[in-house]
Amino acid sequence: MSCTKRFPLAKARLEEIVKTYPTPFYLYDERSIVENAARFKKAFSALPFFKEHFAVKASPNPAILKILAREGFGADCSSLPELLLSGMAGITGEDIMFTSNETPIAEYRKALELGAVINLDDFTHIEFLEKYARIPELVSCRYNPGDRKTGNAIIGTPKEAKYGFTREQILEGFRLLKQKGAKRLALHTMVASNELNVEYHIETARLLFELAVEVREKTGVRLEFVNLGGGVGIPYLPEQTAVDYETLASGVKAAYDAIIVPAGLDPLGIRAEWGRAITGPYGWLVSRAVHRKSVYREYIALDSCMADLMRPGLYGAYHHITVAGKEDAPLTETYDVVGGLCENNDKFAVQRKLPRIATANDSGVANGGDLVVIHDAGAHGRAMGFNYNGKLRCGELLLRPDGSILQIRRRETIEDYFATLTMDAVESL
Ligand SMILES: *Cc1c(COP(=O)(O)O)cnc(C)c1O
């Protein structure tokens, strides 16, 4: 079985890059990200005032944000540092959607100062904003449809999710916001994560459109836009199929024509805040195989670990793995591919069929094992990294369209790891 999942570099070029940037590292393919962004934009261009706010948490690097900003993307932020990252990429004002939750006042104040679109996560935040900051001209509210929508594995069922307003609170919230001086109002939802079913996303749009009509009827508020959120999945498994943007966009357009147009609410702006589907398939974690261990199972140990990519350990998520130069080799072995964290769920793959992988001992060089590529790590990958066990997070490289490599984040150093320690306190003890 040869795999359809691609990695943009041949083994020889990768070995050359590793001389300058030792493994492990993340590699992102700029050309593929731009092409994907352009396809996405084209498909959704039929929708009125369509705007994508890339979810910064998926890939919080200003270089990636800048590449996307050039394609007309804004940003979706949920913390103060994410607001600042967007600014570093030149994304400002209403191109930023501030979809935070449990938000402290300092973060609301910063978002207001930047002129970002404030997307309230709770009814009580109307009073909170008014008391401790101010109600801006444009306010969006996040809707939690509860029983009206089933959820999925990563985000849970909406009824059990901590996010958003109930339907009654949405209606009351828009009345209150209008009364308190908000002039422009918008509606948002985010009900799924990594969902590949197109119909699921179209139904979310339908739900928001119907609510927009109800808001108009019951409160007199004519919404400026609805934000469909993110949560569009990517085919992590080789046998899965990617969401077809045209099918999704034309389904949303059909719902718009059936619900919004007859209600006299056209034009209603449409926004989205996809993260995973925009960069996920175009980023890889590149590591080297260090050891092979034969006990009750066969293990391959990499020089990266769960602290670099936690999705497999956290959710049991599948990430495809290939070996540089052995892309078409027969899958003769069954390995658990693991990292060096003192946690037994530090496994990138469990009982995975792979070609025979050469380790340091096989090669006769301490750093001579095979280069192992973990696919679909371009979103919620490096971003979810952590420092447990004193693991230093790896850096990020960008493969430019001309084939050159640009380092967009260096790897962490021991100095970074120690930077927050107060050694004066330690010495005073
Ligand atoms: C995480 C998140 C997104 C992006 O989700 P993806 O699954 O990466 O598309 C968008 N909006 C909100 C509010 C989120 O929390």
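Ligands are counted one by one from 1 in listed order, and the atoms in each one are counted from 1 as well.
The contact set between ligand 1 and His380, taken as ligand atoms under 4.0 Å from a residue heavy atom, comprises 6 (P), 8 (O).
For the pair Arg276 and ligand 1, the shortest N or O to N or O distance falls below 3.5 Å. Considering backbone and side-chain N/O of Trp274, none are found under 3.5 Å from N/O of ligand 1. Checked by distance only, ligand 1 and Gly275 come closer than 3.5 Å through their nitrogen or oxygen atoms. Close N/O approach between Gly229 and ligand 1 is not found [any backbone or side-chain N/O within under 3.5 Å].
Residues forming a salt bridge (Lys or Arg N to Asp or Glu O under 4.0 Å) with Glu214 (at least two apart in sequence, or on another chain): Arg167, Lys218. Scanning for salt bridge (Lys or Arg N to Asp or Glu O under 4.0 Å) contacts around Lys180 gives Glu130, with sequence neighbours left out.
Residue-level proximity to ligand 1 for Arg142 is carried by the side chain, the only part with a heavy atom below 4.0 angstrom. Residue contacts with ligand 1, taken as heavy atom pairs separated by less than 4.0 Å, involve Met190 solely via side-chain atoms from C-beta onward.
Of the residues Val221, Val226, Asn119, the one that meets the side-chain contact (heavy atoms from CB on, under 4.5 Å) test with Leu187 is Val226.
The closest approach between a heavy atom of Ala379 and any atom of ligand 1 is not below 4.0 Å.
Within a 6.0 Å sphere centred on CD of Glu127, heavy atoms belonging to other residues, nucleotides or ligands number 12 at most. Sparse packing is recorded around NZ of Lys66, with 12 or fewer heavy atoms of other residues, nucleotides or ligands lying under 6.0 Å away. Within 6.0 Å of atom CZ in Arg39, more than 12 heavy atoms from other residues, nucleotides or ligands are found, so the atom counts as buried in its surroundings.
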